[in-house]
S.K.: 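Here it is, the structure, as structure tokens.
The chains referred to below are lettered A, B, ... by the order of the sequence lines, with proteins before strands, and numbering in each begins at 1. These numbers come from a predicted model, not from an experiment.
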Protein chains: 2
Amino acid sequence: MLFFTQCFGAVLDLIHLRFQHYKAKRVFSAAGQLVCVVNPTHSLKYAPTRCAAGQTSAEQGVLPPCRHHEAVHDPQLVPCTCPLFSCPWEGHLEVVVSHLRQTHRINILQGAEIVFLATDMHLPAPTDWIIMHSCLGHQFLLVLRKQEKYEGHPQFFATMMLIGTPTQADNFTYRLELNRNQRRLKWEATPRSVLECVDSVISDGDCLVLNTSLAQLFSDNGSLAIGIAITTSKVHNAEDEM
Amino acid sequence: MLFFTQCFGAVLDLIHLRFQHYKAKRVFSAAGQLVCVVNPTHSLKYAPTRCAAGQTSAEQGVLPPCRHHEAVHDPQLVPCTCPLFSCPWEGHLEVVVSHLRQTHRINILQGAEIVFLATDMHLPAPTDWIIMHSCLGHQFLLVLRKQEKYEGHPQFFATMMLIGTPTQADNFTYRLELNRNQRRLKWEATPRSVLECVDSVISDGDCLVLNTSLAQLFSDNGSLAIGIAITTSKVHNAEDEM
């Protein structure tokens with residue numbers, strides 16, 4: 001009996017996922033974009049300050065001194081960049097992608113423009129929605145996080161990080177776009193390198209930030225669709241801004 | 001002696017304003033946009049809930065029951081829409097612009113695209129930066145407000161309102177754009193009518209919202225430049241979103 005109940009539950013979940021995917025496809029089909037349904041993951045081992053002091057050293061090409069990696073001596077080894085867990089893994093940048101896929105089951109998508117459909121936005125903070133995006137010969141990590149920076153006031157933070165060095169990251173621009181109910185919000189920036197910690201990017205607020213009320217305006221039936229595009233960046237200077 | 005000190009202070013203020021205007025012009029000159037320096041105004045008579053219950057009735061074309069206008073009986077009369085003061089004035093929509101200019105000294109600018117340069121972003125909340133924008137045969141009110149929605153955590157809220165009816169407002173789309181340090185943030189929406197209260201738009205969070213850290217990333221020497229553009233809106237539907 002328990003077996004049949006579980007089977008029935010699994011079938012219902014599949015129908016629900018299929019329905020969400022169908023809805024997203026209907027909305028975004030005009031643009032011909034690939035829609036990826038991303039389910040939330042609770043950060044059970046959430047450690048908000050694990051890389052708090054790492055940013056400056058990462059900018060200088062040195063590894064961030066994450067608390068659980070204090071024993072790292074080889075400068076060519078990168079600690080696990082998955083923001084979900086205090087994972088003890090470390091390895092070379094080239095094998096970070098396979099570690100994230102195999103150990104943390106993070107999906108990877110191909111394409112210049114994709115739609116990230118985060119489900120169950122109502123879940124309590126802290127919650128993460130994560131996917132990898134393969135584009136222009138590189139892999140990027142998209143992190144959407146629901147977090148209470150101020151107690152009792154959860155916010156959503158979305159950023160994109162290059163699985164590469166800060167120098168490589170400077171060659172790209174990423175764009176996150178929300179579009180619903182005649183409202184449109186766009187964020188464009190240079191991706192950070194995964195050598196810098198996603199926690200510090202979020203605590204700096206240097207990413208797309210949404211209050212709960214704004215997130216609700218953009219979400220549809222508890223799911224938030226974020227259009228993602230990555231381009232190679234042009235030379236910027238103060239004169240040509242805006 | 002006091003007279004000379006005051007004169008000297010006024011000259012210094014003028015030089016400071018001229019310098020800010022020059023800087024903004026230099027940054028935005030490539031786009032040929034009109035730059036308007038907007039100084040902050042403290043909301044001394046700030047009444048955050050004065051129109052809290054007004055939104056629904058304004059949507060239906062009825063006047064918002066602002067607390068200080070409870071005695072209004074003529075449905076053709078509009079209470080003062082200036083969000084700075086609990087102003088007892090009331091009049092027809094056609095004379096709202098001249099009231100705002102003459103009584104509240106709010107500047108009006110012409111042009112399809114302008115740059116709103118808000119100075120002294122560091123001032124404590126509540127603070128407003130306000131300007132009128134004349135475009136496409138209508139007048140719009142741009143309000144940037146620094147407010148502590150959550151105690152101890154000031155945020156910036158920017159919105160544009162049409163000095164006209166909600167039906168007229170539906171014909172337009174406004175865009176607010178921040179652009180600095182290889183980061184770009186764009187907000188596009190349909191303007192609200194001034195018959196709806198700016199306080200309720202901000203409390204709903206249905207506007208451009210910036211945390212202090214994000215505002216600092218976009219500001220230059222304490223001033224925040226917001227590019228503004230207004231267009232007539234096209235027909236939207238769910239199929240063509242994104």
Side-chain angles (χ1 to χ4, degrees), chain A residues 23-24 26-31 33 35 113 115 149-153 155 157 170 172-173 175-191 202-218 220 225-227 233-242, chain B residues 23-24 26-31 33 35 113 115 149-153 155 157 170 172-173 175-191 202-218 220 225-227 233-242:
Chain A
K23 266 203 310 182
R26 195 175 57 83
V27 172
F28 299 112
S29 59
Q33 288 168 313
V35 175
E113 296 196 14
V115 175
K149 211 169 165 182
Y150 311 124
E151 213 183 316
H153 307 295
Q155 288 179 298
F157 302 86
D170 282 344
F172 298 97
T173 298
R175 190 184 73 215
L176 305 180
E177 183 173 340
L178 304 170
N179 191 341
R180 207 176 119 76
N181 287 328
Q182 298 177 17
R183 288 162 183 84
R184 191 188 297 250
L185 185 63
K186 267 189 202 179
W187 165 260
E188 264 179 50
T190 303
I202 287 171
S203 63
D204 290 352
D206 189 10
C207 54
L208 178 66
V209 185
L210 287 177
N211 284 336
T212 321
S213 54
L214 211 51
Q216 275 173 348
L217 275 169
F218 281 110
D220 177 22
I226 306 178
S233 51
K234 294 155 200 140
V235 178
H236 282 255
N237 62 48
E239 298 300 314
D240 70 12
E241 283 191 339
M242 228 155 191
Chain B
K23 267 202 310 182
R26 195 175 57 81
V27 172
F28 300 111
S29 60
Q33 287 167 312
V35 175
E113 295 196 13
V115 175
K149 212 170 165 182
Y150 311 125
E151 214 184 315
H153 306 296
Q155 288 179 301
F157 302 86
D170 283 344
F172 298 97
T173 298
R175 190 184 74 214
L176 305 179
E177 184 172 340
L178 304 171
N179 191 342
R180 209 176 117 74
N181 288 327
Q182 298 175 20
R183 287 163 184 85
R184 193 189 296 251
L185 186 63
K186 266 190 206 180
W187 165 260
E188 264 179 51
T190 303
I202 287 172
S203 64
D204 290 352
D206 188 9
C207 54
L208 178 65
V209 185
L210 288 176
N211 283 338
T212 321
S213 56
L214 211 52
Q216 274 172 349
L217 275 169
F218 281 111
D220 177 21
I226 306 177
S233 51
K234 295 157 200 138
V235 178
H236 282 254
N237 62 48
E239 299 300 314
D240 70 12
E241 283 190 338
M242 228 153 191

S.K.: Taking every heavy-atom pair that is under 4.5 Å apart, which of A/Lys186, A/Gln216, A/Gln155 has the most such pairs with chain B?
M.R.: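 Ranked by heavy-atom pairs under 4.5 Å with chain B, first place is A/Lys186.
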
S.K.: Looking at B/Leu208, B/Leu210, B/Asn211, B/Thr212, which one has more heavy-atom pairs under 4.5 Å with chain A than the rest?
M.R.: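 Most pairs with chain A among the choices: B/Asn211.
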
S.K.: Taking side chain as everything from C-beta outward and backbone as N, CA, C, O, which of these in A/Leu217 sits under 4.5 Å from a heavy atom of chain B? Side chain, backbone, both or neither.
M.R.: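 For A/Leu217, the side chain is the part near chain B, not the backbone.
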
S.K.: Checking side chain to side chain contact (heavy atoms under 4.5 Å, CB included) for the pair B/Asp206/A/Arg183: CA distance, chi angles, key distance, verdict?
M.R.: CA-CA 9 Å; B/Asp206 188 9; A/Arg183 288 162 183 84; 2.6 Å; yes

S.K.: Do the rings of A/Tyr150 and B/His153 sit parallel, tilted or perpendicular, given the 30° and 60° boundaries?
M.R.: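 Rings of A/Tyr150 and B/His153: parallel, as their planes differ by under 30°.
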
S.K.: Would you mind listing every salt bridge (Lys or Arg N to Asp or Glu O under 4.0 Å) that reaches into residues 207-218 of chain A, with sequence neighbours excluded?
M.R.: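 Qualifying pairs, neighbours excluded: none.
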
S.K.: What is the minimum heavy-atom distance between B/Leu214 and A/Gly205, and which atoms define it?
M.R.: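 Closest pair (atom of B/Leu214, atom of A/Gly205, distance): CD1-O, 3.0 Å.
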
